[in-house]
Amino acid sequence: MHYFRYKGKKLYCEDTPLETLTGKFGTPLYVYSHRAIIEHFEELKKAFSLVDPLICYSVKANSNLAILKTLIKQGAGLDIVSGGELFRAEKAGCVYKKIVYASVGKTSQEIEYALKKKIFMFNAESLSELQRINDIAAKHNKKAAVSIRVNPDVDSKTHKYITTGRKETKFGVPLPEAERIILSRANLPFVEIKGLHIHIGSQITSEKPFVRAINKILNLLGRLKQKNIRLEYFNIGGGFGIVYNREKPKTASALAKAIVPLLRKTRMKIILEPGRFIVGNAGVLLTKVLYLKKSLNNKLFIITDAAMNDLLRPSLYGAYHNILPVVKRRSISALPLADIVGPVCESGDFLGKNRRLYCQPGDLLAVMSAGAYGFSMASNYNSRCKPAEVIVKGDKYFLVGRRQSYKDLISKEIMVDV
Ligand code: PLP
């Protein structure tokens, strides 16, 4: 996390002390580095420059409008998975021709919405969805551009909840079915099959699963070629891993070195859908220590004002996030191991386990690497308000998400005396 560094005892984002931000906006608070977002995007662009891909940032990783706008200004398209994300893409000013739309369960309304806006293409995940897209396109007398999401049945060696390219998962269609669909495309006259899509998982640290999956696609392309069928686009999804703890993910250039030669063989226009790689290490969650307590068996708990509703990844996947003091205190030898936990009424509510961290009530902690699947997975569980969000640019900072109020929590409810 190059843009979150200590200067003396204080942790900074770029040139701004994090303490200044909590003083101004309170806690829990998400803070993002503008420079990190742009650099990660540019790093991928450069690494894959030989195939000059369209990079469609995956909105689900962090859907804040200011982040979308930042990336759109850099030339990014967007990868969306719902009507809500299409609405965000519109509000952030993305041109429709750079929007790709995946999801195993697009509703008719969502398909209609995307079709009317003339998005670049749907990534269709089943034959029944293709038939639905065809019928809706027919109703509007339009032709829908589509890629077939293929499930290549490869193990991406990541957490099972974020593995999406194995045959057991719900995503995409098996290779033989994709081939059958393409061969019988005349049955879908209002759909134009323009390409293939894969997304084999998230937080993938090796190039090997990508190589295996792309090779399988190359075989399919070979068979199609024999039948004189050529497709224009190949979307290899996202999934590029980042460092949370001691992982050693392949760098973008090492990854590109392994897969670009294969991509060039396809002679297709390449699309990438990175999410985590761009924003994961561009954000932190700041929280205040409320209390310290010990259990009967002497376990130390550091209770913070951030919880699983603010950052779900530790509870959901047992994900590791480094946790650092926002202002370093003197180091104390023989620190006990502590669990950093939130106020939510679940034993699974924790931000970190068995950490050696010296702190006192009132101290501030930074949960690192929280830019991806952090705020976007936040909820109102326990009627807790979602945190505020700030983007830092050098020594300037901008509030890009207001903290929810209690009023917001009930704004959609109707008090009926039934
Ligand atoms: N594309 C698709 C279809 C996805 O489902 C996801 C994440 O789930 C992504 C791209 C982004 O993945 P990542 O954040 O790992 O790059």
Side-chain angles (χ1 to χ4, degrees), residues 1 3-4 13-14 16 18 21-22 24-42 44 55-95 98-101 202 238 242 273-287 306-313 321 366-380 384-394 396-405 408-409 411:
M1 297 196 75
Y3 293 110
F4 294 86
C13 175
E14 300 190 13
T16 304
L18 292 176
L21 301 175
T22 54
K24 186 124 184 128
F25 304 108
T27 53
L29 179 70
Y30 274 99
V31 177
Y32 310 117
S33 156
H34 185 261
R35 212 177 307 162
I37 294 169
I38 290 181
E39 278 192 13
H40 297 158
F41 177 79
E42 291 300 326
L44 267 186
I55 303 182
C56 293
Y57 165 69
S58 194
V59 173
K60 67 179 84 60
N62 188 323
S63 46
N64 183 283
L65 292 177
I67 291 183
L68 301 186
K69 190 157 199 90
T70 299
L71 288 163
I72 290 165
K73 268 164 61 183
Q74 289 301 113
L78 296 176
D79 154 48
I80 61 163
V81 287
S82 68
E85 286 192 351
L86 176 52
F87 182 71
R88 282 183 179 276
E90 276 190 282
K91 292 292 165 205
C94 189
V95 293
K98 284 188 178 179
I99 297 176
V100 291
Y101 184 179
S202 195
I242 63 167
E273 295 173 340
R276 189 187 309 271
F277 184 91
I278 291 177
V279 288
N281 272 329
V284 297
L285 171 63
L286 303 181
T287 180
M308 65 187 287
N309 73 293
D310 304 301
L311 178 66
L312 185 58
R313 297 187 70 257
H321 285 264
V367 185
M368 309 303 284
S369 311
Y373 308 102
F375 189 92
S376 60
M377 280 191 178
S379 77
N380 290 125
R384 288 169 51 82
C385 300
K386 288 192 196 173
E389 297 172 283
V390 171
I391 289 190
V392 170
K393 192 174 180 184
K396 299 199 170 50
Y397 47 85
F398 307 87
L399 183 66
V400 294
R402 276 189 211 100
R403 185 176 303 287
Q404 277 186 331
S405 66
D408 293 330
L409 289 180
S411 66

Mind checking what makes salt bridge (Lys or Arg N to Asp or Glu O under 4.0 Å) contact with Glu90, not counting sequence neighbours? Lys117

For Ser411, check side chain to side chain contact (heavy atoms under 4.5 Å, CB included) against everything at least two apart and list the hits. none

Inter-residue atom distance Thr70.OG1 - Tyr32.OH, 0.5 Å rounding: 11.5 Å

Across all chains, not counting sequence neighbours, the salt bridge (Lys or Arg N to Asp or Glu O under 4.0 Å) partners of Arg384 are Asp310

Looking only at heavy atoms, what is the nearest atom pair of Leu71 and Phe41, with distance? CD2-CB, 3.8 Å

Listed partners of Tyr397 passing side chain to side chain donor-acceptor pair (under 3.5 Å), at least two apart: none

Minimum heavy-atom separation for Cys385 and Asn309, please, with both atom names. O-ND2, 4.4 Å

Not counting sequence neighbours, list each pair that qualifies as a salt bridge (Lys or Arg N to Asp or Glu O under 4.0 Å) and has a residue in residues 62-77. none

Taking every heavy atom of Leu78 against every heavy atom of Ala89, the minimum-distance pair comes out as CD1-CB, 3.5 Å

Which heavy atom of Gly83 sits nearest a heavy atom of Tyr101, and at what distance? N-OH, 3.8 Å

Measuring only between side-chain heavy atoms, which start at C-beta, is Val100 closer than 4.5 Å to Glu273? yes

Sequence neighbours left out, what passes side chain to side chain contact (heavy atoms under 4.5 Å, CB included) with Lys386? Give chain and number order. Phe375, Ala378, Asn380, Gln404

Here the gap from Leu399 atom CG to Ile391 atom CD1, rounded to the nearest 0.5 Å, amounts to 10.5 Å

What pairs with Ser33 under side chain to side chain contact (heavy atoms under 4.5 Å, CB included), at least two apart in sequence or on another chain? Tyr3, Phe4, Cys13, Glu14, Arg35, Ala36

Taking side chain to side chain contact (heavy atoms under 4.5 Å, CB included) as the definition, give me every residue that meets it alongside Glu42, ordered by chain and number, with sequence neighbours left out. Ile38, Lys45, Gln74

Close side-chain approach of Leu86 to Ile99, heavy-atom, < 4.5 Å: yes

CZ of Phe87: more than 12 outside heavy atoms within 6.0 angstrom? no

Counting C-beta onward and ignoring hydrogens, is there a side-chain heavy-atom pair between Ile37 and Ile67 closer than 4.5 Å? yes

Side-chain donor-acceptor pair under 3.5 Å between Asn62 and Ser376, yes or no? no

Could you give all pairs that pass the side chain to side chain donor-acceptor pair (under 3.5 Å) test and reach residues 76-86, with sequence neighbours left out? Ser58-Asp79, Lys60-Asp79

Not counting sequence neighbours, which residues clear side chain to side chain donor-acceptor pair (under 3.5 Å) with His321? List them please. Arg313

Is there a donor-acceptor pair closer than 3.5 Å between any side-chain N or O of His40 and the backbone N or O of Ile278? yes

Under the criterion side-chain hydrogen bond (donor to acceptor under 3.5 Å, both in side chains), I'd like the reasoning laid out for Ser369 against Asn281: C-alpha separation, chi angles, the key distance, then a yes or no. CA-CA 4 Å; Ser369 311; Asn281 272 329; 2.6 Å; yes

Take Leu65 and Val400 through the side-chain contact (heavy atoms from CB on, under 4.5 Å) test and state the conclusion after the steps. CA-CA 8 Å; Leu65 292 177; Val400 294; over 6 Å; no

Taking only residues two or more places apart in sequence or in another chain, which ones pass side chain to side chain donor-acceptor pair (under 3.5 Å) with Thr27? Asp305

Please report the shortest heavy-atom distance between Leu285 and Ala370, naming the atom on each side. N-CB, 3.8 Å

Check side chain to side chain donor-acceptor pair (under 3.5 Å) between Tyr57 and all other residues, then give those that pass, not counting sequence neighbours. none

Could you go step by step and tell me if Tyr30 and Val390 meet the side-chain contact (heavy atoms from CB on, under 4.5 Å) rule? CA-CA 6 Å; Tyr30 274 99; Val390 171; over 6 Å; no

Write down the atom of Pro28, the atom of Pro387, and the distance for their closest heavy-atom approach. O-CB, 3.2 Å

